[in-house]
Amino acid sequence: MLTEILSFRDRYRVLHLTWFAFFLSFVVWFNMAPLMTTIKEEFDLAQGQVGTLLMCNVALTVPARIIIGMLLDKYGPRLTYSALLVYAAIPCWLFATAGDFNQLVLGRLLMGIVGAGFVIGIRMTAEWFPPKEIGLAEGIYGGWGNFGSAFAALSLVLVAGALSFFPGSFELATGQVLNWRGAIAATGTIAAIYGCFYFFNVTDTPPGKVYQRPESARGIEVTTVKDFWLLMAMNAPLTGILMVLAWRLQKVNFLSPTGMMIAWVALVGLYLFQSYNCWEVNKDLLAGRKHYAPEDRYKFKQVAILELTYIVNFGSELAVVSMLPAFFEGTFGLDKALAGLLGASYAFVNLVARPGGGLISDRLGSRKNTMAILTFGMGIGYLVMSSIPSLRDSLGLSQMPMIILAVVMTMACSFFVQAGEGSTFAIVPLIKRRVTGQIAGNVGAYGNVGAVAYLTILSMLPVWLGGGAEASPAIIDQANVIFFQILGVASLVVAFLCFFILEEPQGSFAEFHEGEAEVVAAHGHPSVLPEDQSARIL
């Protein structure tokens, strides 16, 4: 497979078109972070308001990934991805033309939906690649696409700066120069154009292969009664983290106390509605009228542990990518452009780390052990990153060698984080194929649960440590140390769960997916037949 990656034929063509769709969705989703200090100055935002915008950027991705997972299983990845990319233009233009903080919040909330695009390509890639190659394929999709966040950090400051040289042609009615605004609007426009291109240039499955859909996409299908109650428990944090976000919005006066209570009641209602849909899908199982053959069952605890792994790897990545430019700027006194470039080093590693994690998962012979080892390494990496401020003060190095050391430490930690992400989604498509979209949606949503939780902690730490006063540089350094320590300890706990509870998926290295049989289609390429539907239920 390694020799064929650079080809643009058959399944590799679909892989390249799909990772680029993901790449654009991440450029759009992360188009605020490299321009944040400029936006903060223009709107005179307090630090709490900045933290709120960062959390809003990931908040609606939680329900969006679940809903898009359902739509994906029902309508297929081609239509779902194309529609999402076209939609991306709306929040980009809304944010780019914002006149006050409330409009910025609304734009970022709607922007969070774009971050759900990752889920779509997971199923598209799984449809085109067999289990024995799925780790590397999903890693390339995730890693090269995830580089969109680094590309945004590397390029958007330059684009915004270039636009500022043409004030006569780029002015809003308010007289504000369209610099950062033009850069953000352009990302959404490009994504929408590519969405149309994507629709006409891919198919959901290879020729001769039938796209398998669940009987109902209203909720996740489980195969035992015990798994149904575990599903209910694991759905609760998805609602809880949105309640935390509503509380944060009330703290910055975007919501009134009454508005926050209304939002909480609505979110509880949403959880109950989601629970009802899951019950509707599984009611025959719960009533004892439906029984699954042993070969058709899967263990939902596998999904639950992968949700936890995605909290600590992708959840931490979202949080760290959002704060790292400001971390380098404050820790080493750098200018905004250089701090943004150094911050991009964390996501830059995605180009090799996430495919590397998938490849290790393919070649090591145990996807479970790969997951556990990479998560453990990630925990150690974050604990090492927590030492950067103290090393700055104790080693006595000049600024440039210290910055180089800090970047090396950051990139080493980043390898384990993103390789762990690749390892997570080397397992996800192997759990239960016909509900891959919904499983990927739930696992992906937990990444955003982690991001909102971590960003909430990060925004509150300076307040707690400073006793409510304006945080000094020393307090901010202390908050960053504690933040990275929290990431490290959480990762080590999840690594323990992977070692002792996660199980190796059946058919991890098979030639074909569950329920598929090899045939030779008329065009001369191996293809597959759908699983025998009559064999699903006994």
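All values below were derived from every heavy atom in this structure, side-chain atoms included, with hydrogens, water molecules and symmetry-related copies excluded.
- Put simply, the side chain of Ser387 never gets that close to the backbone of Leu383: no donor and acceptor are under 3.5 Å apart.
- Of the N and O atoms on the side chains of Thr436 and Arg123, not one donor lies less than 3.5 Å from an acceptor on the other residue.
- At least one side-chain heavy atom of Val50 sits under 4.5 Å from a side-chain heavy atom of Met36.
- From Asn442, atom CG reaches atom CE of Met70 across 7.5 Å, with rounding to the nearest 0.5 Å.
- When each of Val443, Val449, Val494 is tested with Tyr310 by the rule side-chain contact (heavy atoms from CB on, under 4.5 Å), just one qualifies, namely Val443.
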*Apply side-chain contact (heavy atoms from CB on, under 4.5 Å) to Thr239 and Leu270, showing your working.*
CA-CA 8 Å; Thr239 299; Leu270 179 64; 5.6 Å; no
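- Residues Ile373 and Phe499 form a side-chain contact, since some pair of their non-hydrogen atoms from C-beta on lies under 4.5 Å apart.
- Within a 6.0 Å radius of CZ in Phe151, no more than 12 heavy atoms belonging to other residues, nucleotides or ligands are found.
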_Checking Phe416 against Thr375 for the side-chain contact (heavy atoms from CB on, under 4.5 Å) test, could you report, in this order, the C-alpha distance in whole Å, the side-chain angles of both residues, the deciding distance, and whether it holds?_
CA-CA 7 Å; Phe416 285 101; Thr375 305; over 6 Å; no
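- Summarising the geometry of Leu374 relative to Gly357, their closest heavy-atom pair is CD1-CA, 4.3 Å, with the distance given to 0.1 Å.
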*Let me see the working for Glu503 and Arg367 under salt bridge (Lys or Arg N to Asp or Glu O under 4.0 Å), right down to the final yes or no.*
CA-CA 9 Å; Glu503 297 179 9; Arg367 300 195 188 277; over 6 Å; no
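- One distance of note links CD of Glu307 with CD1 of Ile305; it measures 10.5 Å at 0.5 Å rounding.
- Across Ile431 and Gln302, no two heavy atoms sit closer than the pair CD1-CB, 4.2 Å.
- Side chain to side chain, Trp247 and Thr456 fail the donor-acceptor criterion of an N or O pair below 3.5 Å.
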*Please report the C-alpha distance between Ile241 and Leu245 in whole Å, then the side-chain angles of each, then the deciding distance to 0.1 Å, and finally whether the side-chain contact (heavy atoms from CB on, under 4.5 Å) criterion is met.*
CA-CA 6 Å; Ile241 206 66; Leu245 176 65; over 6 Å; no
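- Not one N or O on the side chain of Asn57 forms a donor-acceptor pair closer than 3.5 Å with the backbone of Gly112.
- Using a 4.5 Å heavy-atom cutoff, the side chains of Leu242 and Pro63 are in contact.
- Cation-pi contact between Arg108 and Phe95: present, with separation from the ring centre below 6.0 Å and deviation from the ring axis of at most 45°.
- A heavy-atom distance below 4.5 Å is found between the side chains of Cys92 and Asn31.
- Across all non-hydrogen atoms, the minimal contact from Leu487 to Ser316 is CD2-CB, 4.0 Å.
- Proximity of Gln103 to Asp100: side-chain heavy atoms (C-beta onward) are separated by under 4.5 Å at one or more points.
- Within the 4.5 Å cutoff, side-chain heavy atoms of Leu359 are placed close to those of Arg363.
- Counting only residues at least two apart or in different chains, side-chain hydrogen bond (donor to acceptor under 3.5 Å, both in side chains) contacts with residues 476-495 comprise Arg392-Asp477.
- Checked by atom type and distance alone, the side chain of Glu138 never pairs as donor or acceptor with a backbone atom of Gly135 at under 3.5 Å.
- Heavy-atom contacts from other residues, nucleotides or ligands closer than 6.0 Å to NZ of Lys251 number 12 or fewer.
- A side-chain N or O of Glu504 and one of Ser366 form a donor-acceptor pair less than 3.5 Å apart.
- When each of Phe484, Phe483, Phe332 is paired with Phe327, the ring-ring contact (aromatic ring centres under 6.0 Å, His included) condition holds for Phe484 and for no other.
- With hydrogens and angles disregarded, no donor-acceptor distance shorter than 3.5 Å links the side chain of Asn313 to the backbone of Val417.
- Remark: the backbone N or O of Phe328 is not paired with any side-chain donor or acceptor of Thr331 at under 3.5 angstrom.
- Between the side chain of Arg65 and the backbone N or O of Gln438 there is no donor-acceptor pair closer than 3.5 Å.
- Without hydrogens or angle criteria, Ser275 side chain to Tyr271 main chain gives a donor-acceptor distance under 3.5 Å.
- The heavy-atom pair separating Leu84 from Gly117 by the smallest distance is CD2-CA, 3.2 Å.
- The CG atom of Leu53 sits 5.5 Å away from the CG atom of Leu104 when rounded to the nearest 0.5 Å.
- With rounding to the nearest 0.5 Å, the separation of CG in Leu85 from CD1 in Ile190 is 12.0 Å.
- Partner of Trp29 under the side-chain contact (heavy atoms from CB on, under 4.5 Å) criterion, out of Thr61, Ile113, Leu24, Thr187: Thr61 alone.
- Contact detail for Gly143 and Pro355: the closest heavy-atom pair is CA-CD, 4.0 Å.
- Residues Tyr141 and Phe22 place their aromatic rings such that the two centres sit under 6.0 Å apart.
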_Test ring-ring contact (aromatic ring centres under 6.0 Å, His included) applied to Phe118 and Phe425, step by step_ = CA-CA 11 Å; Phe118 166 71; Phe425 278 91; 4.8 Å; yes
*Under the ring-ring contact (aromatic ring centres under 6.0 Å, His included) rule, what do Phe20 and Phe23 come out as? Steps first, then yes or no, please.*
CA-CA 5 Å; Phe20 192 71; Phe23 172 89; 5.4 Å; yes
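- Under the 3.5 Å distance criterion, the side-chain polar atoms of Ser414 are left unmatched by any main-chain donor or acceptor of Thr410.
- Counting only heavy atoms from C-beta outward, the side chains of Tyr382 and Ser386 never approach each other to under 4.5 Å.
- Proximity of Leu306 to Thr309: side-chain heavy atoms (C-beta onward) are separated by under 4.5 Å at one or more points.
- The structure places CD of Glu421 at 7.5 Å from OG1 of Thr424, a figure rounded to the nearest 0.5 Å.
- Across all non-hydrogen atoms, the minimal contact from Thr18 to Gly121 is CG2-CA, 3.7 Å.
- In this structure a side-chain-to-backbone donor-acceptor pair under 3.5 Å is missing from Arg354 to Ala419.
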*Run the side-chain contact (heavy atoms from CB on, under 4.5 Å) check on Tyr87 and Leu110 step by step: do they pass?*
CA-CA 10 Å; Tyr87 160 83; Leu110 295 178; 3.4 Å; yes
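- Here the CD1-CG distance, from Ile67 to Leu60, works out to 9.0 Å after rounding to the nearest 0.5 Å.
- In this structure, the side chain of Thr97 engages the main chain of Trp93 through a donor-acceptor pair within 3.5 Å.
- Evaluated for a side-chain contact (heavy atoms from CB on, under 4.5 Å) with Arg248, the options Thr52, Val452, Leu255 yield exactly one hit, Thr52.
- Under a cut-off of 6.0 angstrom, the local environment of CH2 in Trp229 is sparse, with at most 12 non-hydrogen atoms contributed by other residues, nucleotides or ligands.
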